[in-house]
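Chain naming here is simple, since letters A, B, ... match the order of the sequence lines and numbering starts at 1 in each. Keep in mind that the numbers below use all heavy atoms, side chains included, and drop hydrogens, waters and symmetry copies.
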Number of protein chains: 2
Amino acid sequence: MLQPHDTASQDPILTEPRLTPLDRLAGSLGQRVYLTLRHAILSLAYRPGEILRKPEICAELGVSRSPVSDAVARLAAEGLVDVIPQAGTYVARFSMEEIREGAFLREAIEVAAIELVARTITDEQLVILRRNLVVQAALLADNDFAGFYKLDGEMHELLLSFTGYRKLAAVSDTAWAHVNRARQLVLPVPGRVAATLAEHRAILSALEARDPDAARSAIRSHLRQLVTYLEPLERSHPDLFNP
Amino acid sequence: MLQPHDTASQDPILTEPRLTPLDRLAGSLGQRVYLTLRHAILSLAYRPGEILRKPEICAELGVSRSPVSDAVARLAAEGLVDVIPQAGTYVARFSMEEIREGAFLREAIEVAAIELVARTITDEQLVILRRNLVVQAALLADNDFAGFYKLDGEMHELLLSFTGYRKLAAVSDTAWAHVNRARQLVLPVPGRVAATLAEHRAILSALEARDPDAARSAIRSHLRQLVTYLEPLERSHPDLFNP
DNA sequence: ATGCGCTAACATGTTAGCATGTTACAGCCG
DNA sequence: CGGCTGTAACATGCTAACATGTTAGCGCAT
């Protein structure tokens, strides 16, 4: 099956393979296409407002339109794309209303979760959290902001998993997706990142004290920080927002 | 296009048209099939654990498999059906864990919402709520439990809409779906329904007083009532629950 | 009689092609 | 020169047929 002159891979200048890593993922084709597209949208490789050409995606991934349509339908249910029947599919633009709603929903879930966790957390779970925070501090010392945000997300995921409920993290992530997508437009401010670490330490302290009220206050003030940093985006990047 | 002897509609004995009302709904075929199937599952017309035969559904609705597959994929994302690749699709059985998780999620959302609403509710919104409660009382007086539950759901929907966030109700409904599906197995206890109305009145009173703490307590105790009534179901209907 | 293996039916995942409606551009008229 | 209209390209929704893996039942050997 040698193809000495593959037509598609011969023009590295014109075609932009974008960010569509080959599918070495698990699950059905539809699932893999969904994960690939979702990552591309959340990482802003596909820009808000941009049109999604299904035939183009089909050719780029080497699959037919059904799994792509399936994936797009799921993304539409999450609000990450807008499908206009018989017209086109577009990457959802940002909307301050959706960002605020996602933040509200995540706060509601995490506040309820941490009130529960503060009463039930075990010593082993506290050890896991402390370990996570140590790594956070190390990454911050190295100015590795990408790594820090990754550990940040893992910490929230850990807190939600400690409730024993398995789907909480998925709902929270879906809500937070819009916020996180917009966050990438904000350059990391070192002082702010350090403050974030301090807020994480406050959350841990409240959990160590098994104090639900303190934990609620800590995580609430932590979550409300970010949205204020996103407000100016609507003015600085008006083309990426809904009219 | 007359068909004097339609083959499919001629055997009212053997075939069970189940609850698949003809699609006089809006939207694309996939959307309408989704709504039809969702209603059938939530109303227990399709019993938990039962197999869903896509070809059967296609024949019954007169559509092809794509819109049905689309609808089933969405139901799977909601956890209402379990798709086993290349094997079969089954209506999700009840699971106490999912019921408790759904109740937890709804409580988290509604508590956060009502704390906000208690501070921002307008007089017009209070009028709408009072009107809803008057109808609830009338339906209770007539022992119209189905109507009462409908108004109950509308009241919660109203409260969430008063936050100004548009998708809260949808998330809450998705979480609550499992609980509501199981609730239909519990016969309505007149005394319990009257107590529910009293709880609704307590919620309204807290909102009239614009007291967030009282509103939170009221809606919390209200939501926690139902789950306790569902606990015995796992013993009385073991065949409808996950192993 | 029972346990194992094979085979045939079946259900889903995927693919290619058709139908329908929208959008954009080019040409024409005022 | 500007606005309108008609046509052509295009994107999605849907349908029908193919490929792949599973399940269940039957038959055979032990």
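Separating the CG atom of A:Asp70 from the C1' atom of C:dG13 is a distance of 10 Å, rounded to the nearest angstrom. Residue A:Gln31 contributes atom CD, which lies 11 Å from atom P of C:dT14 at whole-angstrom precision. In this structure, the CG atom of A:Leu29 is 4 Å from the P atom of C:dT14, given to the nearest Å. Atom CD in B:Glu56 sits roughly 13 Å away from atom P in C:dC10 (whole-Å rounding). Rounded to an integer number of Å, the gap from CZ of A:Arg53 to C1' of D:dA9 is 12 Å. D:dG13 atom P lies 13 Å from atom CZ of B:Arg32, rounded to whole Å. Rounding to whole angstrom units, CD1 of residue A:Ile51 and P of D:dA11 are separated by 6 Å. Per the geometry, CD1 belonging to B:Ile84 stands 15 Å off C1' belonging to C:dG13, to the nearest Å.
Within 4.0 Å of B:Ser28, counting heavy atoms only, lie sugar-phosphate atoms of the nucleic acid but no base atom. Using a 4.0 Å heavy-atom cutoff across all strands shown, A:Thr89 reaches sugar-phosphate atoms only and no base atom.
Of the N and O atoms on the side chains of A:Asn132 and A:Gln136, at least one donor lies less than 3.5 Å from an acceptor on the other residue. Under the 3.5 Å distance criterion, with hydrogens and angles disregarded, no donor-acceptor pair is assigned to the side chains of B:Thr89 and B:Lys54.
The closest donor-acceptor contact from the side chain of A:Arg93 to the backbone of A:Asp239 lies under 3.5 Å. Of the possible polar contacts, one joining the B:Ser161 side chain to the B:Leu158 backbone as a donor-acceptor pair under 3.5 Å is found. Counting only distance, with no hydrogens or angles, the side chain of B:Glu50 and the backbone of B:Arg47 share a donor-acceptor pair below 3.5 Å.
Phosphate proximity of D:dG13 to A:Lys54: present, with a side-chain N or O under 4.0 Å from OP1 or OP2.
For the pair A:Pro85 and A:Ser66, nearest-nucleotide mapping onto DNA chain C gives the more 5' position to A:Ser66. For the pair A:Gln86 and B:Arg65, nearest-nucleotide mapping onto DNA chain D gives the more 5' position to A:Gln86. Between A:Ser64 and A:Tyr90, it is A:Ser64 whose nearest contact on DNA chain C lies nearer the 5' terminus.
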